[in-house]
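Index from 1, following the sequence. Everything numeric here is computed off the predicted structure, so don't read it as measured data.
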Amino acid sequence: MKSFLKYTLATIVGVILAGLLFFLIFFTTIGTIMSKQDKPVEIEPNTVLKVELDNIIMDRSPKNPFENFDFQSLKPQKSLGLNEILANIEKAGKDENIKGIYLELTAIPAGMATIEEIREALLEFKETGKFIIAYSDDYLQTSYYLASTADKIYVNPAGRVNLTGLNSQVMFFKDALDKLGVEPQIIRHGKFKSAIEPFTRKEMSDENRTQIMEYVSDLWNKMAEGIADQRRINIKNINGLTEELALEDADAALENNFIDGLKYKDEIFRELKDSSKTDKDDAQFVNLKQYNRVPKIKEHKGLAKDKIAVVYAMGSVIMGEGGEGTIGSDRISGAIREARKDSSIKAIVFRVNSGGGSALASEVIWRELKLAGETKPVIASLGDVAASGGYYIVAPADTIVANPNTITGSIGVFGIIPNAKELMNDKLGIHVDVAKTHEHSDIGSPFRSLTASERQVIKNGIEDVYDTFVGRVADGRNMTKEEVDEIGQGRVWSGIDAKKIGLIDLLGGMNKAVDLASEKAKLKKYRVVELPKLKDPFEQFMKQFTVSAKAQIIKSSLGDNYRYYEQIEEIKNMSGIQARIPYKIDIY
């Protein structure tokens with residue numbers, strides 16, 4: 001017995017010591033990573049800025065080194081926000097030590113509007129007279145579109161330029177729900193059809209296919225026009241070659257002027273050495289992550305007391321605090337309120353990237369933006385998607401700016417109450433009984449169908465919310481409710497079409513929105529502050545450790561299929577009346 005206790009005690013002590021050692025090493029690693037993040041980087045003369053965009057690009061980096069931590073390799077993943085990418089490209093244009101940009105591109109995990117903003121920044125960089133050279137072993141469509149800004153485009157001799165045209169994929173759940181025995185009880189505004197199709201159909205309706213084709217065609221036309229302009233290729237030729245898959249190898253791409261040469265990476269590095277005129281043996285590179293720590297070139301804006309606040313709102317619109325990846329009603333309305341009450345903040349840019357969510361949360365945020373607009377200029381900047389609730393919250397803005405390939409609109413609301421009675425009773429053999437004080441005390445229960453009177457009560461609520469939504473848009477856009485209803489009904493629009501019908505005012509990205517804000521506030525000197533304020537990285541890490549670990553492990557395991565997991569998680573989290581695109585629009 002003594003021997004047993006002795007070995008048991010020794011084992012317990014060993015486990016505790018091993019755990020302490022693990023956490024000591026782990027937190028030492030955290031400290032090292034954080035200290036590296038703060039250490040300034042000095043740039044040598046004749047350096048080339050290397051731009052790789054192979055990680056998910058958010059509007060704003062969360063500043064948490066473990067936000068995208070790979071818990072399988074136990075290494076932090078590189079990540080930069082769009083705000084930092086744009087700032088770095090602008091900074092490089094003014095940095096005399098940076099001689100040019102090297103684009104090394106593979107797949108770019110970002111939406112079309114995000115890619116468009118980076119592309120515009122690269123085109124502005126070219127105006128400084130510095131070079132841009134692009135290379136890829138195998139260009140995908142979006143990476144080639146970005147590469148088309150370069151003075152020289154190269155591809156591996158065994159590679160390709162994969163121009164196939166765009167497609168949009170929508171996931172449908174009807175058969176899966178039928179097999180499970182789950183009835184999606186859907187209550188919606190009268191003509192609001194396509195939003196609920198994933199739950200009621202196995203394929204797109206003709207009307208939905210038509211609207212998707214329209215905005216996908218707009219995105220493709222914008223892409224083709226950009227390529228045609230930079231490469232001096234006729235758009236008809238681009239469409240013809242794409243239709244025939246004629247750019248099936250690198251030689252065909254070279255012959256048709258889509259690229260400037262076939263080279264291996266070592267040959268590219270030699271050209272970059274020559275182009276940068278360095279006296280070193282090899283080209284000198286600084287990547288975006290490193291260049292982010294290069295002190296900004298001092299300008300009058302940095303010395304100004306007046307400020308423009310950029311309020312970032314990304315993800316699903318939800319009630320409560322939320323986090324950096326969601327639009328929590330308390331957190332975002334609080335940030336707008338802070339900007340409104342700060343007398344040193346002379347204008348607000350509200351950057352939104354969201355497919356919507358809770359209608360009630362949208363109303364909370366709408367109220368604060370409406371109040372802010374009564375005290376100072378408010379400019380809305382729309383990202384990849386600003387639709388349904390994502391559009392609701394920007395409706396009071398003085399001016400709405402969107403990219404040509406922003407997906408917006410979807411003015412409509414719906415509610416879904418799953419009835420899992422068949423699943424529980426017939427499939428699982430589980431029965432639920434209830435004792436209640438009133439007839440409708442268990443309204444919304446997932447274990448029974450709605451009665452006709454309950455459905456009507458919910459429908460009345462849906463109609464009220466839709467009427468309010470339409471009224472908010474009509475008020476903000478100086479339109480009648482009838483005019484908004486005509487372009488509403490859940491219809492999705494590209495930024496190009498949204499401008500034609502009056503949902504947005506100008507085409508452009510974040511930089512254009514900030515410039516417009518300074519103009520409306522009559523500011524010559526100003527500095528930009530970002531809200532909501534980001535929490536201390538260590539605090540963020542400790543708060544998000546468990547959730548991040550789970551998400552990153554699943555993401556690492558599923559790879560590109562992770563987006564389907566995300567969609568299922570979003571459906572699970574829907575509650576209350578929704579103003580959202582209820583399916584994720586994937587465009588390839």
(request) Would you check if there is a donor-acceptor pair between the side chains of N287 and E52 at a distance under 3.5 Å? (result) no

(request) Could you tell me whether the side chains of D137 and Y135 share a donor-acceptor contact shorter than 3.5 Å? (result) yes

(message) Are V170 and E197 packed together at the side-chain level, in the sense that at least one heavy-atom pair is separated by less than 4.5 angstrom?
(response) no

(request) Answer yes or no: is there a side-chain heavy-atom contact under 4.5 Å between N292 and N88? (result) yes

(message) So for atom NZ, which belongs to K126, do other residues, nucleotides or ligands contribute more than 12 heavy atoms lying within a distance under 6.0 Å?
(response) yes

(message) Return the CZ to CG distance between R351 and D59, rounded to the nearest 0.5 Å.
(response) 4.0 Å

(request) Could you grab the distance from atom OH of Y144 to atom CZ of F258, nearest 0.5 Å is fine? (result) 5.5 Å

(request) Could you tell me which residues satisfy salt bridge (charged side-chain N to carboxylate O under 4.0 Å, His left out) with K222, sequence neighbours excluded, listed by chain and number? (result) E116

(request) For the residue pair R119 and S148, confirm or rule out a side-chain donor-acceptor distance under 3.5 Å. (result) yes

(message) Can you tell me how far apart CD (E120) and CE (M510) are? Round to the nearest 0.5 Å.
(response) 15.0 Å

(request) Identify whether the distance between the nearest side-chain nitrogen and carboxylate oxygen of K130 and D151 falls below 4.0 Å. (result) no

(message) Using side-chain heavy atoms (C-beta onward) and a distance below 4.5 Å, is P532 in contact with I332?
(response) yes

(request) Test side-chain contact (heavy atoms from CB on, under 4.5 Å) on D218 and W493 and set out the steps. (result) CA-CA 9 Å; D218 282 345; W493 307 91; over 6 Å; no

(message) Could you tell me if E271 and Y154 have a donor-acceptor pair between their side chains, going purely by distance under 3.5 Å?
(response) yes

(message) If we count only N and O atoms by modelled type, under 3.5 Å, do the side chains of T114 and D384 hold a donor and an acceptor together?
(response) yes

(request) Would you check if the side chain of S136 reaches a backbone N or O of L105 as a donor-acceptor pair within less than 3.5 Å? (result) yes

(message) If the condition is side chain to side chain donor-acceptor pair (under 3.5 Å), which residues does T408 pass it with, not counting sequence neighbours?
(response) none

(message) Please report the interatomic distance CD1(I238) to CH2(W220), rounded to the nearest 0.5 Å.
(response) 7.5 Å

